[in-house]
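Data block below; observations after.
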Amino acid sequence: MLTHTETTVIPAFPQASARVQSLLSKMTLEEKAAQIVGYWLDQGGEVVAPMQGEMSGSAPSGALADITRHGIGHFTRVYGTRPVDPAERAAWLWAEQRRLQSETRLGIPALVHEECLTGLAAWKAATFPTPLAWGASFDPALVEEMAVSIGDSMRELGIHQGLAPVLDVIRDPRWGRVDECIAEDPYVVGVLGTAYVKGLQDAGVHATLKHFVGYSGSRAGRNHAPVSAGPREVADVFLPPFEMAVVEGGVRSVMNSYAEIDGVPLGSSAEYLTALLRERWGFDGVVVADYFAVAFLEIMHRIAADRGDAAQAALTAGIDVELPTGDAYLEPLIERVKAGLFDEAYLDRAVLRVLGQKEDLGLLEPGAFADGPPAEIDLDSPRHRDIARRLAEESIVLLSNDGVLPLAATASTIAVIGPNADRAEALMGCYSFANHVLAHHPEYPIGFEIPTVAQALTAELPGARVVGARGCEVEGDDRSGFAEAVEAARAADVAIVVVGDQAGLFGRGTVGEGNDSESLELPGVQRELVEELVATGTPVVMIALTGRPYAIGWAIDGENRPAAVMQAFFPGEEGAGALAGVIAGRVNPSGRLPVSLPRSAGAQPYSYLHPRLGGPSDVTATDPTPVRPFGFGLSYASFEYDLLAVDEEVSAGAAFGAVVRVTNTGSMAADHVVQLYGHDVTASVTRPEAQLLGFHRLALAAGESAEIAFTVPTQRFAFSDRSMVRIVEPGDVQVWAGADAATDATRRATVRITGAAHTLTPADPRLVQAAVVRV
């Protein structure tokens, strides 16, 4: 058995202020350990973390004053574990922080962290679209604006650190946590994730990158399963979004992945958590453990003999703070240090980082909690709702349309059918407070206004008669509601059928953390319901309200298919209004698929970033080609592309220009996501057939043209060579503009990259710039 009983290298200490160094010098061993753990006040009731029930027995009991007598590092999910009135809880928190200042020996307040992936995870707080919908918007500016509004709410409540964004690159849609992810393209993930980081931190809340690294590459899309990615896939696919958020975004916190890569759990990997993250990238913030990840080194990964051994492995690797509690970093670690089995210097290193973070956040200032919380708190203000509406509208993807949309004014009777047609919970993701916590508390209302699709359509189309029928549930094989639904469709001018998912955790739902799937068919009997509605002859509009892409080729390209299909990835509290706006024509759809629409579960894992051997060929009977490609999305307008000019030659490590003209040839104003793609013609390792280089969301009036001048660093073509050094290699690359990753470009320009191979450093540019000229 591998144990961790020897320490041969003294860790390098982070820079720290005189105040922080003075605090450390005064600390007992127990006070040091207390600063690098969390305490979960409400742990044990509702399961919102993996194996929480099994782990809750190790939580300390007794009065909070006794539990925190040596101080405390974090308070875990003060607002986000059960429904509490925000104002009342804030008053309690301020009083508790003052108690820590006055009654503990060193007077150090607690850092408070919360989940904030789809908005602050607290009762009555605004719920925004899920990250997969951010990806569909291709709008980093709006994502940043959303993050600022979330951060403002968090600071108002005395929360200092948010456990978001998720920068895992989607590799397999069967994985339950796809709805927490942004896209299957690392650049899109990096750009939008970094925008979120900047927004949250501009509001004064530290962002936390999740889950470092490779978590989404698990075998067969199973949660917590081993990851078989090779070092090149890790370096070229999984790592770039994190590097961008560290170097470009200046993120202040990182959370480890539960996964193991080639047999090494990330929670014990000094290679990633210290050598790469800190020494190469220059990260100087705090690394926190995913919930119970330190203990999991013993009880799940079995690389530690006991909790003390697990604490040593994690702390040595570079995990500074154990969350959500102190199962390993309290008594087991203290005993190990006192026995001379572990160097206290590793503990000191982590404490210096934690105290430095608290200092940065203003928690060490004597008057930090003198003023008290705000008297009135509005976590779902008109500002929140406006941002939620705009992001939802930009994220709706129109997959097919035979002309039925937008609905004609003559549609006097509309049947709104399906398990997600009249359920507010269907609009929200796994980490929304409603589906994460309130699922355990059905006696509580959601706490803010969130109309259902049926309600939104009634408001959007006041002249129409809207009738409803559920038809079936999201899960199960009960078809008893089919007859009512079919009759409603027959009697209507058009039928809107809303199918899809129910987000939840660990078996409570069809998608979300722990809800992985062996199939990519719509859950339950929903496909049968749609097919029976189509058979009535009434035009059917199908809305897929989901947290993952499903294999719905039958609905898009099948012989007996709905007249139109829309995809919405949990669009949040304003999502129903956005869908109704698209159906009525008030909103011109502009969302684009951030992940390929799969042909089948058997074709997974699949990525549009595949080399030639990853596509269809004559030497295999299986076809991995997706039903709709990455970047795809229809509009009520039409667009023409022209690649006007591309620099013919550029030195490796420099940037080249590409000018694209786009014209709205339709009769309606519309937003369009302009996409610039590239391909490395011949390289020393295999390269993708198509790779998104850059993108820009562009608003065009009917008949209007614009030229977009992209400035593309050659670093966008970087890859790990055969020595595992990331380089820009000289040679020819092709560049073209298109509406999606499968665009059959009629004109591809060739750019010759010249000179010696350029070796990438953290200082290299990563972002493609776009300047727009109206013509």
Closest heavy-atom pair and its distance - T274, G318: OG1-CA, 3.8 Å
Listed partners of Y641 passing ring-ring contact (aromatic ring centres under 6.0 Å, His included), at least two apart: H672
From L700 atom CG to N588 atom CG, the distance as rounded to the nearest 0.5 Å: 11.0 Å
4.5 Å side-chain heavy-atom contact, L760 and V728: yes
N-O pairing of E648 and R752 below 4.0 Å: no
Salt bridge (Lys or Arg N to Asp or Glu O under 4.0 Å) partners of residues 717-731, not counting sequence neighbours, each pair once: D236-R726
Test side-chain hydrogen bond (donor to acceptor under 3.5 Å, both in side chains) applied to S149 and D152, step by step: CA-CA 5 Å; S149 74; D152 287 343; over 6 Å; no
T714 side chain to G653 backbone, donor-acceptor under 3.5 Å: yes
Evaluation steps, side-chain hydrogen bond (donor to acceptor under 3.5 Å, both in side chains), between H113 and T208: CA-CA 10 Å; H113 73 257; T208 305; over 6 Å; no
Side chain proximity check, V246 to L209, heavy atoms < 4.5 angstrom: yes
Test side-chain hydrogen bond (donor to acceptor under 3.5 Å, both in side chains) applied to D360 and H206, step by step: CA-CA 10 Å; D360 289 345; H206 286 185; 5.3 Å; no
Spacing of L399 atom CG and I396 atom CD1 [to the nearest 0.5 Å]: 10.5 Å
Value rounded to 0.5 Å, distance of NZ in K210 from OG in S253: 10.5 Å
Side chain to side chain contact (heavy atoms under 4.5 Å, CB included) between T625 and R599, intermediate numbers included: CA-CA 7 Å; T625 305; R599 181 173 300 276; 3.8 Å; yes
Under 3.5 Å: donor-acceptor pair, side chain of R548, backbone of P173: yes
Exam field: side chain S651 to backbone A654, donor-acceptor pair closer than 3.5 Å: no
Contact check, side chains of P165 and V143, non-hydrogen atoms, under 4.5 Å: no
F242-W281 aromatic ring centre distance below 6.0 Å: no
Which atom of G614 lies closest to which atom of P624, heavy atoms considered: O-CG, 3.6 Å
Validation row: E271, L276 side chains within 4.5 angstrom (heavy atoms): no
Pairs meeting criterion salt bridge (Lys or Arg N to Asp or Glu O under 4.0 Å) with involvement of residues 672-686, two or more places apart: none
Check against side chain to side chain contact (heavy atoms under 4.5 Å, CB included), L167 and F212: CA-CA 8 Å; L167 299 189; F212 189 71; over 6 Å; no
Ion pair R592/D671, N-O distance below 4.0 Å: no
Flag, side chain of Q675 to backbone of G631, donor-acceptor distance under 3.5 Å: yes
Reported CE-to-CG distance for the pair M244 and L239, which is rounded to 0.5 angstrom: 12.5 Å
Separation of L398 CG from M566 CE (nearest 0.5 Å): 6.5 Å
Flag side-chain contact, heavy atom, 4.5 Å: P629 against Y608: no
With D284, the salt bridge (charged side-chain N to carboxylate O under 4.0 Å, His left out) member among R252, R278, R353: R252
Spacing of NE2 belonging to H384 relative to OG belonging to S153, to within rounding of 0.5 Å: 3.0 Å
Flag, side chain of E640 to backbone of T663, donor-acceptor distance under 3.5 Å: no
Pairing residues for Y606 by the ring-ring contact (aromatic ring centres under 6.0 Å, His included) criterion, not counting sequence neighbours: H610
ring-ring contact (aromatic ring centres under 6.0 Å, His included) partners of F717, counting only residues at least two apart: none
Sidechain-backbone polar pair: N256 side chain, D290 backbone, donor-acceptor under 3.5 Å: yes
Side-chain donor/acceptor of D764 to backbone N/O of T761, under 3.5 Å: yes
Ion pair E393/R389, N-O distance below 4.0 Å: yes
Check: R697/S590 side-chain N/O donor and acceptor closer than 3.5 Å: yes
Heavy-atom pair with the smallest gap, counting every atom of Q201 and A207: OE1-N, 3.2 Å
Sub-4.5 Å side-chain heavy-atom contact between E180 and D168: no
Test log, rule side chain to side chain contact (heavy atoms under 4.5 Å, CB included), inputs I182 and V166: CA-CA 8 Å; I182 296 171; V166 171; over 6 Å; no
Cation-pi, Y187 ring and R716 (6.0 angstrom, 45 degrees): yes
For C116 against M154, the heavy-atom pair lying closest together: CB-SD, 3.8 Å
N-O pairing of R390 and D139 below 4.0 Å: no
Closest approach of L405 to Y636 (non-hydrogen atoms, all atoms of both residues): CB-OH, 3.4 Å
Evaluation steps, side chain to side chain contact (heavy atoms under 4.5 Å, CB included), between V685 and R232: CA-CA 10 Å; V685 300; R232 184 168 288 103; 4.1 Å; yes
Note, I708 side chain near L698 side chain (heavy atom, < 4.5 Å): yes
Check: P241 and V169 side chains under 4.5 Å, non-hydrogen atoms: yes
Shortest non-hydrogen separation from C430 to D179 and the atoms involved: N-OD2, 3.3 Å
Pairs touching residues 684-704 that satisfy ring pair (Phe, Tyr, Trp, His ring centres under 6.0 Å), sequence neighbours left out: F138-F695
Sidechain-backbone polar pair: T130 side chain, L132 backbone, donor-acceptor under 3.5 Å: no
Any donor-acceptor N or O pair under 3.5 Å, side chains Q734, R748: yes
K198 side chain to E144 backbone, donor-acceptor under 3.5 Å: no
Distance-only side-chain donor-acceptor flag, T665 / S638, under 3.5 Å: yes
Atom CG of D732 with >12 non-hydrogen neighbours under 6.0 angstrom: yes
R774 atom CZ: more than 12 heavy-atom contacts under 6.0 Å: yes
